[in-house]
Protein chains: 2
Amino acid sequence: MTPRIDPLTREVVDLIGSVVFRYHEEYDAAAGKHQLTGAQARVLGLLSLEPMPMRRIAEQLKCEPSNVTGIIDRLEIRGLVERRPDAADRRIKLAAATAAGKETYERLRSSLDFAREPLARLSTDERTALRDILRRMLGLET
Amino acid sequence: MTPRIDPLTREVVDLIGSVVFRYHEEYDAAAGKHQLTGAQARVLGLLSLEPMPMRRIAEQLKCEPSNVTGIIDRLEIRGLVERRPDAADRRIKLAAATAAGKETYERLRSSLDFAREPLARLSTDERTALRDILRRMLGLET
DNA sequence: CTGGATATTTCACGTTGTCAAGCAAATGGG
DNA sequence: CCCATTTGCTTGACAACGTGAAATATCCAG
């Protein structure tokens, strides 16, 4: 009953698996250069865009809020993030990247070699095609 | 001095990040259905192909051998993996998937919905194009 | 045979993740 | 207005994963 997956799809899934593995390696290595773990880097990336309640961070990371408490704790100790009260709701704590946090994240981001090494092998046309296909895969049609 | 990354490349990197996140979610969910963690599933996948010394598992996972000890311990307790002596070198322990382990991994693999849901949105031509681009990205030219 | 390298394990430790319990603050129905 | 419920966050206990250092057993070269 399980629909036999055709060989093409299977190969694509494997290739995506390789890309995922490769991406992680490089992401963690880049984070490590700045003494950050992967999770810390991801949170810092979120907060570089805008301050956010703990709750929403947990939703983005798809984990429990209690987990976020610890991650923010460790970032806060290092002065990369701060907790601010929310003007409208005193239950809420807004986590916000400090100037140092934003700067760290920007440096991390531009040291993400993944942007250069494997993608450099592709022509502009290929990159465009890849972008369009990935958009469709992720359901980001315009 | 840092080469400004062009917008197209930046978007592709972001899209790949989304795919990576998505892939992980689904992979962990599929593993969870079989009471496995992501790391356990990955090891079981390796050992489904062939038995392997602890050392080599660590290399494949890019982690320390001491970490592998624990992962194999937990799989062994559940009868999915066993440690065998190596005929030629008594220092080596070959980790091998048991019949139950192989079966579990095959079930896990076919429940990997990532193969269906997002890729189903693509035509065969798009999938072929994606395969070719990913191959080039990963340096798997023929 | 001896000394050095290799394979694995053990231990201590830190981070990430879960779940349950608890506290503070908001909210809605009577 | 008031109480019950819900919501947001933290705490504590626990497990998996990951590192690094030290211990043990085995191999191998000289």
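Chain letters run A, B, ... following the sequence lines, proteins first and then strands; every chain starts at 1. What you see below is based on every heavy atom in this structure, not just the backbone, and it leaves out hydrogens, waters and symmetry mates.
Taking a cutoff of 4.0 Å between a charged side-chain nitrogen and a carboxylate oxygen, B:Glu106 and B:Lys102 do not qualify as a salt bridge. Residues A:Asp14 and B:Arg109 are paired through a salt bridge, judged by an N-O separation under 4.0 Å between the basic side chain and the carboxylate. Classification of B:Glu76 and B:Arg74 as a salt-bridged pair fails, no side-chain N sitting under 4.0 Å from a carboxylate O.
Residue A:Leu112 is not grouped with residue A:Phe21 when hydrophobic side chains (ILVMFWY) are merged at heavy-atom distances under 4.5 angstrom, including chains of intermediate members.
Under the rule for a salt bridge (Lys or Arg N to Asp or Glu O under 4.0 Å), B:Asp28 has no partner lying at least two apart in sequence or in another chain.
Remark: A:Arg136 CZ to B:Leu122 CG distance equals 6.0 Å, nearest 0.5 Å.
Of all nucleotides in DNA chain D having an atom under 4.0 Å from a heavy atom of chain A, the first and last in 5' to 3' order are D:dT7 to D:dT11.
None of A:Ile16, A:Leu134, A:Val20 except one satisfies the side-chain contact (heavy atoms from CB on, under 4.5 Å) rule with B:Ile16; the exception is A:Leu134.
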Atom pairs and distances, donor-acceptor, side-chain atoms in residues 85-95 of chain B, under 3.5 Å, two or more places apart:
residue	atom	partner	partner atom	Å
B:Asp86	OD1	B:Ala88	N	2.7
B:Asp86	OD1	B:Asp89	N	2.9
B:Asp89	OD1	B:Arg91	N	2.9
B:Asp89	OD1	B:Arg91	NE	3.1
B:Asp89	OD2	B:Arg91	NE	3.4
B:Asp89	OD2	B:Arg91	NH2	2.8

Under 3.5 Å, sequence neighbours excluded: what are the donor-acceptor pairs made by side chains of residues 48-70 of chain A?
residue	atom	partner	partner atom	Å
A:Ser48	OG	A:Leu44	O	2.8
A:Glu50	OE2	A:Arg56	NH2	3.4

Check nucleotides 8-10 of chain C for protein N or O atoms closer than 3.5 Å to its own N or O atoms and list the pairs.
residue	atom	partner	partner atom	Å
C:dT8	OP1	B:Met54	N	3.1
C:dT8	OP1	B:Lys93	N	3.1
C:dT8	OP1	B:Lys93	O	3.1
C:dT8	OP2	B:Arg55	N	2.5
C:dT9	OP1	B:Arg83	NE	2.7
C:dT9	OP1	B:Arg83	NH2	3.1
C:dT9	OP2	B:Thr69	OG1	3.0

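With no hydrogens or angles considered, a side-chain donor-acceptor pair links A:Thr9 and A:Asp6 at under 3.5 Å.
Atoms NZ (A:Lys62) and C1' (C:dT16) sit 18 Å apart, rounded to a whole Å. Residue A:Gln60 contributes atom CD, which lies 18 Å from atom C1' of C:dT16 at whole-angstrom precision.
Of all the residues in residues 36-43 of chain A, A:Thr37, A:Ala39, A:Gln40 reach under 4.0 Å from DNA chain C with at least one non-hydrogen atom.
Each of A:Asp89 and A:Glu64 was matched to the nucleotide of DNA chain C holding its nearest heavy atom; the match closer to the 5' end belongs to A:Glu64.
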